[in-house]
Amino acid sequence: NAGVTQTPKFRILKIGQSMTLQCAQDMNHNYMYWYRQDPGMGLKLIYYSVGAGITDKGEVPNGYNVSRSTTEDFPLRLELAAPSQTSVYFCASSLPRGGGENIQYFGAGTRLSVL
Amino acid sequence: TQLLEQSPQFLSIQEGENLTVYCNSSSVFSSLQWYRQEPGEGPVLLVTVVTGGEVKKLKRLTFQFGDARKDSSLHITAAQPGDTGLYLCAGANYGQNFVFGPGTRLSVLP
């Protein structure tokens, strides 16, 4: 039961470098999400996708890009890393059901430091 | 912009005490979820409440969704050290996305 898998678990970047955070789910969920969580805080939505080929901005999309070419994968791209992007990044997936129920399943997170 | 507020921000209690944490918004949500997050891990869903006025019980945890679907509470009876963690509420925006509150950090001392 893999669920939502995020790689890498840890990464240190220098200012201006780029990287892609990987997220894969094996539950055939059509919805996927990227959040960031700063120390001691809740989660802020970066981007989300309601299906392959469809993405939309969340609350804090600046400095990030996403793509959704398959149902399973939802990579998050940082093009020019900045210290403000130091955070823990969580990917989640869900399958909305009738009656307003939409349960999210989270990955274990990627801890990113930009120095 | 939809916002969720949680109170208290921090709570430290002795084992065996009862507690209530609150999640409030000026916006209506289609459903509301409570998560618990432990250090170094992702949030884990505790419960989803969907109907205004709904009450759900999960062992020592009781969750309530406000009649107007704008607020919720989590009550823990006889807290245990294993209840320690960050409790997050999240409002679902009619199936599209979620808004998370900042969390209540609970510490239960033995």
Side-chain angles (χ1 to χ4, degrees), chain A residues 2-7 9-10 21 23 25 27 29-51 54-61 66 74 87-111, chain B residues 1-11 21 23-25 27-52 54 56 63 65 69 72 85-107:
Chain A
V4 180
T5 303
Q6 290 184 240
T7 57
K9 293 188 186 303
F10 305 94
L21 282 67
C23 177
Q25 54 95 6
M27 297 174 283
H29 287 172
N30 51 341
Y31 284 40
M32 295 187 75
Y33 313 82
W34 273 106
Y35 295 92
R36 59 176 287 173
Q37 185 177 34
D38 298 328
M41 304 295 288
L43 281 73
K44 293 188 176 180
L45 183 65
I46 305 172
Y47 271 95
Y48 68 101
S49 169
V50 300
I54 305 169
T55 63
D56 211 343
K57 295 178 181 179
E59 182 184 358
V60 289
V66 294
F74 191 39
S87 191
V88 181
Y89 291 83
F90 288 101
C91 178
S93 72
S94 71
L95 184 64
R97 302 182 187 278
E101 188 160 330
N102 187 7
I103 299 173
Q104 293 184 100
Y105 297 85
F106 284 84
T110 294
R111 284 150 187 79
Chain B
T1 302
Q2 294 177 306
L3 292 174
L4 276 170
E5 298 177 344
Q6 290 189 243
S7 60
Q9 187 177 0
F10 299 97
L11 187 57
V21 298
C23 175
N24 297 290
S25 176
S27 303
V28 175
F29 294 100
S30 61
S31 66
L32 197 137
Q33 301 177 339
W34 284 93
Y35 294 80
R36 188 173 77 203
Q37 184 180 20
E38 299 190 23
E41 299 181 7
V44 175
L45 182 69
L46 296 173
V47 78
T48 299
V49 284
V50 178
T51 305
E54 182 178 5
K56 279 192 175 179
F63 304 85
F65 200 12
R69 293 160 71 178
S72 180
L86 178 67
Y87 288 81
L88 297 162
C89 66
N93 194 0
Y94 290 93
Q96 287 290 313
N97 57 35
F98 294 83
V99 175
F100 275 81
T104 291
R105 191 164 297 279
L106 173 66
S107 178

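Note that this is a predicted model, so its numbers are computed, not measured. Reckoned from all heavy atoms, side chains included, excluding hydrogens, waters and symmetry mates. All chains are named by letter (A, B, ...) in the order of the sequence lines, taking the proteins before the strands, and each is independently numbered beginning at 1.
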(message) Can you list everything that forms a ring-ring contact (aromatic ring centres under 6.0 Å, His included) with A/Y47? Sequence neighbours excluded, please.
(response) none
(request) Pick one of side chain, backbone, both or neither for B/Q6, based on which atoms fall under 4.5 Å of a heavy atom in chain A. (result) neither
(message) Quick check: do B/Y35 and A/Q104 have side-chain heavy atoms less than 4.5 Å from each other?
(response) yes
(request) Could you tell me if the ring centre of B/F98 sits under 6.0 Å from that of A/Y35? (result) no
(message) According to side-chain contact (heavy atoms from CB on, under 4.5 Å), who are the partners of B/S107, at least two apart in sequence or on a separate chain?
(response) B/S12, B/L109
(message) Tell me the closest heavy-atom pair linking B/Q33 and A/I103, and the distance in Å.
(response) NE2-CA, 3.7 Å
(request) Report the distance from atom CE of A/M41 to atom CZ of B/R105, rounding to the nearest 0.5 Å. (result) 11.0 Å
(request) Can you tell which part of A/L45 gets under 4.5 Å to a heavy atom of chain B, answering side chain, backbone, both or neither? (result) side chain
(request) Verify side-chain contact (heavy atoms from CB on, under 4.5 Å) between A/Q37 and B/F100, making sure each step is shown before the conclusion. (result) CA-CA 10 Å; A/Q37 185 177 34; B/F100 275 81; over 6 Å; no
(message) With a 4.5 angstrom heavy-atom cut-off, is it the side chain or the backbone of A/Q6 that approaches chain B, or both, or neither?
(response) neither
(message) Can you confirm whether more than 12 heavy atoms, excluding those of B/E41, are under 6.0 Å from its CD atom?
(response) yes
(message) Other residues, nucleotides and ligands only: do more than 12 of their heavy atoms fall within 6.0 Å of NZ on B/K56?
(response) yes
(message) Is A/Y105 in contact with chain B via its backbone, its side chain, both, or neither, using a 4.5 Å heavy-atom distance?
(response) neither
